[in-house]
Amino acid sequence: SLLQLDNNAKLLTLKAEDREMQFTFTDQTMVIGPVNDGKPVAVRQGSKLKIHYRADQKTNLATRIEVKEP
């Protein structure tokens with residue numbers, strides 16, 4: 001689940017089981033998720049996410065973020 005999202009640094013931190021992982025993202029990163037009243041569901045702390053990423057030097061670059069539940 002999402003622990004922290006920093007839009008300025010384009011960095012998100014997820015907690016998976018007993019470990020934390022950090023991912024960077026860009027304006028090209030696709031965000032796919034449920035829609036409520038025609039608007040995308042807001043991603044916030046505790047959101048369940050599935051991250052597709054590639055290891056890029058010392059960072060994990062998110063290429064696609066799927067919002068599973070708000």
Side-chain angles (χ1 to χ4, degrees):
S1 65
L2 182 65
L3 283 181
Q4 186 176 353
L5 173 64
D6 185 338
N7 276 314
N8 293 328
K10 297 201 178 295
L11 184 69
L12 54 89
T13 305
L14 291 185
K15 183 171 178 70
E17 295 159 17
D18 59 348
R19 65 190 177 116
E20 291 182 14
M21 288 186 74
Q22 286 194 323
F23 300 90
T24 59
F25 58 93
T26 68
D27 292 335
Q28 284 73 45
T29 301
M30 288 191 300
V31 179
I32 311 293
V35 174
N36 187 5
D37 288 335
K39 297 178 185 163
V41 170
V43 176
R44 58 183 176 270
Q45 190 169 352
S47 292
K48 303 285 185 215
L49 306 177
K50 180 177 182 181
I51 309 287
H52 299 262
Y53 70 96
R54 69 174 188 262
D56 184 28
Q57 295 171 5
K58 295 184 178 182
T59 62
N60 296 319
L61 177 61
T63 56
R64 179 177 167 138
I65 300 169
E66 293 181 41
V67 182
K68 294 300 184 184
E69 32 179 287

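Scope of the values below: all heavy atoms of this structure, side chains included, with no hydrogens, waters or symmetry mates. Along the sequence shown, residues carry numbers from 1.
- Shown here are the salt bridge (Lys or Arg N to Asp or Glu O under 4.0 Å) partners of Lys15, two or more places apart in sequence or in another chain: there are none.
- With sequence neighbours excluded, the residues satisfying side-chain contact (heavy atoms from CB on, under 4.5 Å) with Asn7 are Leu5, Phe25.
- In this structure the side chain of Leu61 reaches within 4.5 angstrom of the side chain of Thr26, judged on heavy atoms.
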Distance-only criterion, 3.5 Å: show the donor-acceptor pairs between side-chain atoms of residues 53-60 and protein atoms not counting sequence neighbours.
{"unit_1": "Thr59", "atom_1": "OG1", "unit_2": "Asp56", "atom_2": "O", "d": "3.0"}
{"unit_1": "Asn60", "atom_1": "ND2", "unit_2": "Gln22", "atom_2": "O", "d": "3.3"}

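- For Lys50, the side-chain contact (heavy atoms from CB on, under 4.5 Å) test picks out His52, Glu66, Lys68, with sequence neighbours left out.
- Transitive grouping of hydrophobic side chains (ILVMFWY, heavy atoms separated by less than 4.5 Å) keeps Met21 and Leu11 in distinct clusters.
- The two residues Thr13 and Glu20 make their nearest non-hydrogen contact at CG2-OE1, 3.9 Å.
- The closest donor-acceptor contact from the side chain of Thr29 to the backbone of Ala62 lies under 3.5 Å.
- In this structure, Leu49 CG and Ile65 CD1 are separated by 7.0 Å, a value rounded to the nearest 0.5 Å.
- In this structure, Gln4 CD and Leu14 CG are separated by 11.0 Å, a value rounded to the nearest 0.5 Å.
- Here the straight-line distance linking atom CG of Leu2 with atom CG of Leu12 works out to 6.0 Å at 0.5 Å rounding.
- Of all the heavy atoms in Ser1 and Gly46, the pair that sits closest is CB-O, 3.8 Å.
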